[in-house]
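Just so you know, these numbers come straight off a predicted model, no measurement behind them.
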Amino acid sequence: MSGRLENDSFKLLELKLNLEGNMADKIQNAYETSKNIYDDVLTQRNIFSKLYIKLFWSGTDDNDIARKVLSYVPDDFSGNLLDVPVGTAVFTENKWSSLKNAHITCIDYSMDMLEQAGKRLGSHAFPDKQKAFHEIWRVLKPGGNFIACFYIRGKSKRTDWLVKNILAKKGWFSPPFQTEKELRDILQKLYKETDIHVDGSMVYFRCVK
C-alpha cells in the first residue's frame, strides 16, 4: 500500500490488492478509461446519463441514495471514518469537508480516482468481496458503523444482463454478486444491528458492530 498525506484530516491512499490473472489491470484500466464520464453518469448531469440510468437501472437516482447513505453520518461526527472505495468523492465532498473534527481516510484501487478525490477534498472495486466484508468487520470498533451501497442481482433482468455481460467484463463491476437475501444473511451474521434498504438493483445500509 502506498499513499500521500494531503493534510491532517484527509489521507488519500492507493489500495493494492493481490488479484488473480489480469484482474488488477482490468479494474485499473476500467476506471482510468471512465474517469471523464464517471461523475456525469453517477450524477445524471446530461441526457445520455439520464437515459442510461432509466433504461438499465430502472431510474434509480444515485443522488438520492447518496443523500440517504450520508444521512447515517452525524453532522457533528468527530471520530475516525474510513471511506472505501472513495471514487472521485463526487457525492461525499461537501459532507466530508464539513466534518471539521473527523479523521477521514479515503482508499481506492484507482489512483486516477484518488487524484480527482484529492482535488475535491484537498470511486472502486472489491475483487474478494467475502474477504472485504470480514476485513471491514475486523477493523471496526465495537459499536462502530459500516455504511455502504452497491449493486445486488435478482431485481432486474435488464440490469443483471448489463452487469454480467458488459460492466463486469470491462472491470467496472466485480463478481460474485449477492442477491438481497444473500447480503442480508452475510450482514446479519456479522453485525448486531442492520438497517437495509433496497432501491431497484441498488442496496444501501447501516450496520452496527
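- Across Phe77 and Leu81, no two heavy atoms sit closer than the pair CE2-CB, 3.8 Å.
- Of all the heavy atoms in Thr60 and Gly200, the pair that sits closest is OG1-CA, 3.9 Å.
- Taken to the nearest 0.5 Å, the CH2 atom of Trp137 stands 13.0 Å off from the SG atom of Cys207.
- In terms of heavy atoms, Lys95 sits closest to Ser98 at O-OG, 2.7 Å.
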Give the C-alpha distance, both sets of side-chain angles, the deciding distance and a yes or no for side-chain contact (heavy atoms from CB on, under 4.5 Å) between Leu183 and Phe205.
CA-CA 11 Å; Leu183 177 63; Phe205 56 84; 4.2 Å; yes
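- For the pair Tyr204 and Ile196, the minimum side-chain heavy-atom distance is 4.5 Å or more.
- Under the 3.5 Å distance criterion, the side-chain polar atoms of Thr159 are matched with a main-chain donor or acceptor of Phe56.
- Rounding to the nearest 0.5 Å gives a distance of 13.0 Å between CH2 of Trp57 and CZ of Arg158.
- The cluster map of Ile, Leu, Val, Met, Phe, Trp and Tyr, joined by side-chain heavy atoms under 4.5 Å apart, puts Val208 and Leu82 in different clusters.
- A distance of 7.5 Å separates CG in Leu99 from CG in Asp75, rounded to the nearest 0.5 Å.
- Atom-to-atom distance recorded for Lys68:NZ and Asp61:CG is 9.0 Å, nearest 0.5 angstrom.
- Between the CZ atom of Arg184 and the OG1 atom of Thr194 there is a distance of 7.0 Å, given to the nearest 0.5 Å.
- When Lys181, Gln188, Lys189 are each tested for a side-chain hydrogen bond (donor to acceptor under 3.5 Å, both in side chains) with Asp185, only one passes: Lys181.
- Atom NE2 of His134 and atom CD1 of Ile186 lie 7.5 Å apart (nearest 0.5 Å).
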Residues 139-155 side chain polar contacts: donor-acceptor under 3.5 Å, at least two apart:
| unit_1 | atom_1 | unit_2 | atom_2 | d |
| --- | --- | --- | --- | --- |
| Asn145 | OD1 | Arg206 | NH1 | 2.8 |
| Tyr151 | OH | Asp160 | OD1 | 2.6 |
| Arg153 | NE | Phe177 | O | 2.6 |
| Arg153 | NH2 | Glu182 | OE1 | 3.4 |
| Arg153 | NH2 | Glu182 | OE2 | 3.4 |
| Lys155 | NZ | Glu180 | OE1 | 2.6 |

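- At a cut-off of 3.5 Å, with distance as the only test, a side-chain donor of His197 or Asp195 sits close to an acceptor on the other residue.
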